[in-house]
Amino acid sequence: MSKSVKNGLWSVLFAAIGAFMLIPIYYLVVNTFKTMEEATFRPLGLPLNPTFENYTTALQSMNFLRALTNNLTILVFAVLFLVLFSSMAAYAIVKGKTICSKVMYSIFLIGLIIPFQVTIIPLYRIAVGFGMMNTLPGVIIINVFCINLSLSIFLFRGFINTIPAEMEEAAAIDGCGVFKTFWVIIFPLLSPIIATVGILDALAVWNDFMTPLLFLQSPEKNVLLQEVHKNVGPFSTNWTVFLPMLVLSVLPMVIIFLILQKHIIEGVVAGAVKG
Amino acid sequence: MLLMALPAFIGFMTFFITPAVMSFGYSVTNWSVYRPEPSYVGLKNFQTLFSDAQALAAIEHSIRYALIMTVVQNTLAIFLAVLLNKKLMMANVLKTIFFLPAVLSILVVGYLFKFIMTSAPSGMLNSAIGAFGGAPVNWLGDPNLALYSVLATQVWQWTGWAMVIYIANLKSIDASLYEAARIDGAGPMQVFGRVTLPLLYPATSFNVLMSLIGGLKMFDAVYAMTRGGPGYASETIMTTMISTGFKAGRNAYACAFAVVFFVVVFTMSKAVTFVLNKWEAAIT
């Protein structure tokens with residue numbers, strides 16, 4: 001068989017696998033534009049009379065803007081703190097070179113071995129004690145320190161290890177202190193790893209359901225996934241109204257993914273290679 | 001210098017290490033919503049746990065789920081990665097398509113497949129089977145099937161994630177090695193077994209550990225699709241721990257569950273690391 005025919009066959013096979021993978025997503029999106037009757041009898045057909053009514057209903061019943069604001073608040077602050085705290089900690093660990101920094105690093109690494117769910121019952125008690133229940137800062141703190149900190153520090157440390165020491169020696173000669181050296185010389189060099197850590201953390205924070213489920217109980221603090229859970233969970237018969245909720249709750253991340261896909265996939269790979 | 005590590009360190013000690021230690025401590029008490037002042041009861045919670053059929057089933061499900069997930073997901077991911085590594089026009093588009101499900105929330109994927117797999121006449125999967133003349137299947141209501149139905153959705157969601165890591169690893173393999181193997185007369189299967197697979201060690205060890213731990217932590221998809229049912233046929237360690245701790249208020253018992261969970265995760269990842277190291281020693 002000639003090479004081009006062979007490649008052609010592979011392409012056909014691959015298009016078929018790709019299309020097969022996309023069926024669930026196609027099913028989800030296409031049925032949001034149908035009435036329930038139409039969706040029941042023609043689940044995979046294109047909508048005959050596309051309707052946006054399902055979306056209007058969904059936007060209202062899931063309090064879309066309020067929930068989205070909560071999501072974005074948690075996301076932005078959690079990722080910001082994660083990048084700041086873990087880059088600083090990793091720098092101190094790499095440059096500290098004392099017993100103390102080594103011990104500190106091994107303590108941080110415990111977070112990679114113990115899944116955070118092990119802590120969850122006492123964590124609840126601690127959260128109550130600190131007045132963190134039903135507050136967005138509470139969820140931000142848990143997302144930062146309990147779920148994502150260890151991996152972020154680990155990734156930053158691996159990267160900072162590769163930065164040549166001459167960079168800082170020059171800064172030291174110029175009379176820069178530790179903090180200034182970090183912010184002026186080191187931090188700008190970290191942009192590739194900041195992208196990796198930021199992407200991995202943003203995905204983890206956005207898709208985290210357990211923390212808001214347990215720590216945000218008042219409706220006005222709910223995030224998108226909780227709204228989905230509240231509305232879709234009971235699973236009533238009028239299911240075409242629920243499909244738009246599923247779409248709306250993942251749409252922001254999907255849009256970001258489609259725009260930044262190259263960086264996101266690179267970030268995932270970089271996280272694995274360093275790991 | 002260490003001052004810079006302080007914000008992370010204080011937060012980590014307060015919100016991770018402290019509650020983790022407390023989990024171990026509380027697991028030997030009778031703390032519950034009804035007994036806010038706990039007292040020491042020894043290993044009683046663990047005795048209860050290991051004589052409770054539902055708890056044992058949950059542990060067994062989590063382990064079975066994680067092992068099958070690890071094998072299926074990585075086999076598929078390696079297969080797809082090797083194919084996609086060929087220089088095809090569509091390779092990049094397909095990479096995006098395969099990765100896309102990983103961006104969606106697990107909970108949303110769970111609900112989506114609950115619609116697709118529903119036993120009602122509108123269920124897409126059963127309609128499709130019906131169109132080919134098959135009998136409808138009770139995907140989520142059959143106790144022998146529910147756990148595997150949930151597992152299938154997670155394979156769909158995460159295989160692309162593992163695949164992109166395998167592809168990156170494949171790209172780093174020196175093409176001259178393939179050339180050399182071909183000159184020595186190796187067939188495609190031999191090239192894969194003797195050249196490709198051993199050189200995929202770094203990606204494999206990472207992905208295997210990730211899918212194993214991810215499988216053991218399984219919560220969202222079960223929560224969305226079956227709530228552990230029918231009966232407790234699809235309960236996992238996590239769903240049982242959350243419901244005993246937060247719904248039933250049996251805090252200390254849930255802490256004992258957390259300890260068992262830690263032991264399971266720890267021993268299984270150690271066992272898998274041991275096997276991986278053996279493999280690494282064998283190929284180098």
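Side-chain atoms are counted along with the backbone in the values below, which use heavy atoms only and exclude waters and symmetry mates. Letters A, B, ... mirror the listed sequences (proteins, then strands); counts begin at 1.
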Distance in Å, [X] [atom1] paired with [Y] [atom2], rounded so as to fall on 0.5 Å steps:
X      : Y      : atom1 : atom2 : answer
B:T96  : A:F257 : OG1   : CZ    : 5.5 Å
B:L2   : A:K95  : CG    : NZ    : 14.0 Å
A:I265 : B:F98  : CD1   : CZ    : 12.0 Å
B:L6   : A:F85  : CG    : CZ    : 10.5 Å
B:M4   : A:F182 : CE    : CZ    : 4.5 Å
A:I23  : B:I116 : CD1   : CD1   : 9.0 Å

Checklist entry - Quick one: does A:N207's side chain have a donor or acceptor within less than 3.5 Å of a partner on B:V103's backbone? => result yes
Checklist entry - When you measure from the side chain of A:T119 to the backbone N and O of B:F16, does any donor-acceptor pair fall under 3.5 Å? => result no
Do you know which of [options] has the most heavy-atom pairs under 4.5 Å to chain B?
options                        : answer
A:P24, A:S152, A:G18           : A:P24
A:L82, A:I93, A:I25            : A:I25
A:L214, A:D208, A:L13          : A:L214
A:M245, A:K262, A:Q261, A:E266 : A:Q261

Ring centroid separation [X] to [Y] under 6.0 Å:
X      : Y      : answer
A:F108 : B:F12  : yes
B:Y111 : A:H229 : no
B:F9   : A:F145 : no
B:F115 : A:Y27  : no

Out of [options], return the one with the most heavy atom pairs under 4.5 angstrom to chain A.
options                     : value
B:F246, B:W161, B:F262      : B:F246
B:A258, B:A8, B:A254, B:A20 : B:A8
B:V259, B:I106, B:I242      : B:I242
B:T14, B:V109, B:D220       : B:D220
B:Y26, B:W156, B:F261       : B:W156

Next on the checklist: Working note: B:L104 + A:M253, criterion side chain to side chain contact (heavy atoms under 4.5 Å, CB included); need CA distance, chi angles, decisive distance, verdict.
Outcome noted: CA-CA 7 Å; B:L104 313 177; A:M253 262 299 153; over 6 Å; no
What closest approach, in Å, do [X] and [Y] show between heavy atoms, and which atom pair accounts for it?
X      : Y      : value
A:L225 : B:L107 : O-CD2, 3.6 Å
B:A168 : A:V269 : CB-CG1, 3.3 Å
B:K217 : A:P115 : CD-CB, 3.9 Å
A:L123 : B:P19  : N-CB, 3.8 Å
A:V250 : B:S105 : CG1-N, 3.9 Å
A:P122 : B:M22  : CB-CB, 3.7 Å

[X] portion near chain B, given a 4.5 angstrom heavy-atom threshold:
X      : value
A:F116 : both
A:I120 : both
A:Q117 : both
A:I114 : both
A:L224 : neither
A:A15  : both
A:I256 : neither
A:I142 : neither
A:I126 : side chain
A:F81  : neither
A:L149 : side chain
A:I141 : side chain

Checklist entry - A:F130 vs B:F15 aromatic rings, parallel, tilted or perpendicular, using cut-offs 30° and 60°? => result tilted
Checklist entry - Side chains of B:F257 and A:I121: closer than 4.5 Å at any heavy-atom pair? => result no
Checklist entry - So, do B:F219 and A:L213 sit near enough that their side-chain heavy atoms are less than 4.5 Å apart? => result yes
Item to check | Chi angles and distances behind the side chain to side chain contact (heavy atoms under 4.5 Å, CB included) call for A:Y124, B:N251 | outcome: CA-CA 10 Å; A:Y124 195 81; B:N251 300 344; over 6 Å; no
Next on the checklist: Please determine whether side chain to side chain contact (heavy atoms under 4.5 Å, CB included) holds for the pair B:M124 and A:N31, giving the CA-CA distance in whole Å, both sets of side-chain angles, and the decisive distance to 0.1 Å.
Outcome noted: CA-CA 11 Å; B:M124 186 197 96; A:N31 283 311; over 6 Å; no
